[in-house]
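Here the structure is laid out as structure tokens; the discussion comes afterwards.
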Amino acid sequence: IALLLNSKGQSLLSFRDIETYEPLSDSISFGDLNAGSLQWINDQHVIVHTSTTQRVLTVEGMKNLPFNRWVSVSRQDNKTTILFPHDGDYFVPEAGVLLSTLPFEPNFALFSRWAGDSRASPARIRYEKGLILDSAYEAGYSVLKVSLDTGQARRISSGLYNTRDWIVNAAGDPIMRIDNASEGWILRRKHPDLQTFVRIASIDRTPSSAGILNFYSLDETNNDLIATSYADGDTKALVSYDPETGQLRNTIFRNERYGITSVDYNPATARVQSITYTDDFERQHHFLAENRRTLTQLEAALPGSSILISSESTNGQKKLILASYPARPMEYYVYDQATKELSFLSSNRPSFMNETKYTKERFDYTTPDGLTITGYLTLPARNQTTNMPLVVLLHDGSKGRHDKEFHWWSAFYAAKGYAVYEPNPRGSLGLGKRFREAGYGEWGRKIQDDISNGVRHLIAEGRVDATKVCIVGTSYVGGYSALAGATLTPDLYACTVSVNGVSDLASFRGDRGRSGQRIDNWWWRVGDYFKTTKQLEAVSPLKMAGSSIAPIMLIHSKNDPVVPFYHSKKMSKALTAVGKPHEFIELEGADHWLSSGDTRTEMLRRSIEFIDRHIGE
């Protein structure tokens with residue numbers, strides 16, 4: 001078994017014996033890189049997705065920019081190799097998407113990734129209907145075969161600047177390319193004689209669906225194209241399209257209330273093997289009947305848990321099982337399909353084992369305009385159930401919603417004696433398209449009302465002390481909403497903690513466009529910078545600093561590439577200018593995600609000291 005560890009601020013990879021869980025060699029360090037996930041390519045190689053932030057001189061001045069890279073690790077000699085180490089003169093922030101483990105070439109893997117050669121002349125360009133079809137730059141989203149031992153790659157199929165997806169077969173041969181054009185998604189199939197990709201169909205794309213349609217593979221018959229889409233329903237579903245006509249063929253899987261949050265694509269077979277959605281817990285739906293039976297049996301064997309198959313051996317006999325609970329960390333098990341034996345491996349947070357200091361329950365309410373706002377209440381394990389001090393903990397933008405599973409942040413505050421309310425206001429992910437779009441343009445308005453009204457319901461029920469409520473959030477969604485709570489509803493909160501939060505919506509709207517994220521996506525979510533600047537300023541904490549009453553703590557990572565450090569720096573200056581109480585904590589060397597365990601510990605230590613001073617007993 002391969003596993004990732006975080007120890008003393010460093011990411012480590014460890015190979016363990018599947019029976020004894022004992023290390024088979026020394027742990028492998030990734031130095032300054034933060035490791036996020038791993039995948040076996042074959043019996044001898046593991047690839048690890050890593051990230052780092054570097055301060056780079058750009059045309060707009062010095063900026064913190066993220067770099068993501070795959071690192072190949074050889075099990076035989078513990079050697080690490082960065083894949084795609086050189087990108088010429090191009091800034092390529094993404095590591096690339098694994099398409100195939102190339103079963104017939106064990107020391108190589110196939111990725112889709114941006115690639116280009118800036119040394120070529122720009123004179124040779126061929127157009128079709130205003131789109132660049134081919135160019136001497138040869139720059140675009142392409143398919144590359146990379147050596148797992150050297151990291152060097154060669155391009156085997158070239159994409160264009162508007163190419164978004166590639167489909168390969170089980171042998172790893174690129175067979176279809178998907179381009180993004182003004183008329184929709186253009187499907188191109190590889191021509192067997194011309195050795196080029198020719199247009200076969202297009203799929204319409206309405207403005208509100210941008211970024212929603214994602215392609216993965218062909219189906220088992222190799223006739224239909226598998227994708228996730230809202231298609232003809234409110235929740236994201238797994239569907240099939242006829243690649244020859246671009247018409248929707250079938251809905252393969254849909255949960256009528258909760259949308260698909262992830263798709264498990266198997267690069268060994270180039271097929272989709274399961275999907276995940278979240279109700280109160282993460283749930284898997286497998287397309288292999290045997291795996292569906294396994295999940296049902298294991299949930300009966302581990303009551304109160306939600307079971308996921310995290311990984312399995314090539315023959316499917318042994319499976320790595322992940323069990324999630326509300327009030328304790330996730331646990332890993334090995335399940336032997338042949339003997340039906342389930343063996344405990346480890347908790348993913350061993351220091352929390354057997355320490356249940358809180359409970360977690362669902363808390364929903366209905367808004368005045370008829371929406372159901374789901375939320376979760378984590379309560380300290382003590383007799384008091386009324387008039388409790390409350391921490392409102394808001395989700396970030398990456399995960400996009402709260403659920404009932406163990407959450408290290410809420411668990412920490414609950415263990416310190418606080419009730420913790422985690423709401424899912426309109427705009428949160430995985431709760432349907434209508435619920436998502438109900439949050440468009442409502443930052444600081446109806447989204448903030450959903451948060452505030454949840455707190456007021458708890459106060460009205462007598463569960464919370466109205467004088468002891470602190471609002472805490474991180475990132476561009478949660479951090480912003482925490483500051484918006486302090487400035488737009490200042491009477492409701494006794495203190496505020498914003499971690500890597502946005503203070504100025506108008507400037508952040510520009511930040512996201514310059515970072516390469518879809519500008520139209522942010523027009524919908526936040527507001528058109530050119531049309532709604534005054535409306536954005538009306539709900540920007542930076543502009544409303546004088547309205548705050550209670551103390552504010554600003555915590556911000558100096559190397560944050562997502563929400564620039566200046567958001568908290570300017571907010572601190574604005575609060576100082578109007579004489580409002582606040583503290584400003586600068587996290588040296590930290591990134592947006594607080595990837596280092598030491599950084600998270602520092603954030604928790606500083607925030608709980610602040611919360612204790614203002615709403616503690």
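No donor-acceptor distance shorter than 3.5 angstrom exists from the side chain of Ser11 to the backbone of Asn6, with no hydrogens or angles considered. A donor-acceptor contact shorter than 3.5 Å is absent between the side chain of Thr235 and the backbone of Gly259. A donor-acceptor pair under 3.5 Å is absent between the side-chain atoms of Asp465 and the main chain of Pro389, judged by distance alone. Side chain of Arg401 to backbone of Asn424: no donor-acceptor contact under 3.5 angstrom is found. Without hydrogens or angle criteria, Thr367 side chain to Gly370 main chain gives a donor-acceptor distance under 3.5 Å. Put simply, the side chain of Gln284 never gets that close to the backbone of Ile275: no donor and acceptor are under 3.5 Å apart. Checked by atom type and distance alone, the side chain of Arg436 pairs as donor or acceptor with a backbone atom of Gly427 at under 3.5 Å. Judged purely by atom type and a 3.5 angstrom limit, Arg113 uses its side chain to pair as donor or acceptor with the backbone of Ala95. At distances below 3.5 Å, at least one donor-acceptor pair connects side-chain atoms of Thr601 with backbone N or O atoms of Gly597. Remark: the backbone N or O of Ile373 is not paired with any side-chain donor or acceptor of Asp450 at under 3.5 angstrom.
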Practice problem: Give the intermediate values and the outcome of side-chain hydrogen bond (donor to acceptor under 3.5 Å, both in side chains) for residues Asp612 and Tyr418. | Solution: CA-CA 10 Å; Asp612 281 345; Tyr418 295 97; 2.5 Å; yes
Self-check item: Intermediate values then yes/no, side chain to side chain contact (heavy atoms under 4.5 Å, CB included), Leu575 and Ser548
Solution: CA-CA 9 Å; Leu575 291 168; Ser548 67; 3.7 Å; yes
Exercise. Under the side chain to side chain contact (heavy atoms under 4.5 Å, CB included) rule, what do Ser324 and Glu282 come out as? Steps first, then yes or no, please.
Key: CA-CA 8 Å; Ser324 297; Glu282 266 195 305; 5.8 Å; no
Quiz item: Where do Arg362 and Asp280 land on the salt bridge (Lys or Arg N to Asp or Glu O under 4.0 Å) test, with the steps shown first?
Solution: CA-CA 8 Å; Arg362 180 88 170 247; Asp280 284 333; 2.6 Å; yes
Practice problem: Quick one: do Thr52 and Thr50 satisfy side chain to side chain contact (heavy atoms under 4.5 Å, CB included)? Show the steps, please. | Solution: CA-CA 7 Å; Thr52 188; Thr50 66; over 6 Å; no
Practice problem: Please lay out, stage by stage, how His402 and Tyr376 fare under the test ring pair (Phe, Tyr, Trp, His ring centres under 6.0 Å). | Solution: CA-CA 8 Å; His402 286 300; Tyr376 300 90; 7.7 Å; no
Exercise. Begin from the C-alpha positions of His407 and Leu393 and carry the test side chain to side chain contact (heavy atoms under 4.5 Å, CB included) through to its verdict.
Key: CA-CA 11 Å; His407 183 201; Leu393 185 60; 3.9 Å; yes
Quiz item: Between Tyr325 and Phe406, does a ring pair (Phe, Tyr, Trp, His ring centres under 6.0 Å) hold up when you go through it step by step?
Solution: CA-CA 6 Å; Tyr325 304 88; Phe406 171 89; over 10 Å; no
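Residues Ile585 and Met553 form a side-chain contact, since some pair of their non-hydrogen atoms from C-beta on lies under 4.5 Å apart. Between Met330 and Ser347, the closest side-chain pair of non-hydrogen atoms is not below 4.5 Å. By the 4.5 Å heavy-atom criterion applied to side chains, Asp279 and Arg257 are not counted as neighbours. Within the 4.5 Å cutoff, no side-chain heavy atoms of Glu405 are placed close to those of Pro326. With a 4.5 Å cut-off on side-chain heavy atoms, Leu371 and Thr366 do not count as touching. Counting heavy atoms from C-beta on, the side chains of Leu394 and Glu422 never come closer than 4.5 Å. In this structure, the side chains of Val469 and Val455 come closer than 4.5 Å at one or more pairs of heavy atoms. In this structure, Thr386 and Met388 have side chains that are not in contact, with every pair of non-hydrogen atoms separated by 4.5 Å or more.
Residue Arg434 places its CZ atom among 12 or fewer non-hydrogen atoms of other residues, nucleotides or ligands, all under 6.0 Å distant. Within 6.0 Å of the CG atom in Asp32, the count of heavy atoms belonging to other residues, nucleotides or ligands does not exceed 12.
Taking the six-membered ring for Trp and thresholds of 30 and 60 degrees, Tyr476 and Trp443 have nearly parallel ring planes, at less than 30 degrees apart. Between Phe253 and His285, the angle of the ring planes stays under 30°, which puts this pair in the parallel group of the 30/60° scheme. Note: Tyr277 and Tyr258 have parallel aromatic rings, judged against thresholds of 30 and 60 degrees for the angle between ring planes. Between His49 and Trp70, the ring planes are perpendicular. Angles over 60° get that label, and only those under 30° would be called parallel.
To the nearest 0.5 Å, the span separating CD1 on Ile615 from CZ on Phe610 amounts to 10.0 Å. Considering CG of Leu594 and CZ of Arg600, their distance stands at 6.5 Å, rounded to 0.5 Å. How far CZ of Arg426 is from NZ of Lys446: 5.5 Å, rounded to the nearest 0.5 Å. Of the inter-residue distances, the one linking Ser112 atom OG with Arg164 atom CZ reads 12.0 Å to the nearest 0.5 angstrom. Between Leu542 atom CG and Leu483 atom CG the span is 10.0 Å, to the nearest 0.5 Å. In this structure, the separation between NZ on Lys569 and CG on Leu554 is 13.0 Å, given to the nearest 0.5 Å.
Side chain to side chain, Asn34 and Asp591 meet the donor-acceptor criterion of an N or O pair below 3.5 Å. Between the side chains of Ser557 and Asn559, not a single donor N or O lies within less than 3.5 Å of an accepting N or O. With 3.5 Å as the limit, one finds no donor-acceptor pair spanning the side chains of Asn453 and His457. For the 3.5 Å distance criterion, the side chains of Ser607 and Tyr413 qualify, holding a donor opposite an acceptor.
When all heavy atoms of Pro541 and Val502 are compared, the closest pair comes out as CG-O, 4.4 Å. What you find for Tyr141 and Val97 is that their closest heavy atoms are OH-CG2, 3.6 Å. Taking every heavy atom of both residues into account, Leu536 and Ala506 meet most closely at CD1-CA, 4.0 Å. Pairing each heavy atom of Phe84 with each of Arg69, the nearest pair is O-NE, 3.8 Å. Closest approach of Gly454 to Tyr421, counting heavy atoms only: CA-OH, 3.6 Å. When every heavy atom of His614 is checked against every heavy atom of Ala494, the shortest pair comes out as CB-O, 4.2 Å.
Between Phe565 and Phe584, the ring center distance clears the sub-6.0 Å criterion.
Here Glu602 pairs with Arg605 in a salt bridge; the nearest charged N to carboxylate O distance falls below 4.0 Å.
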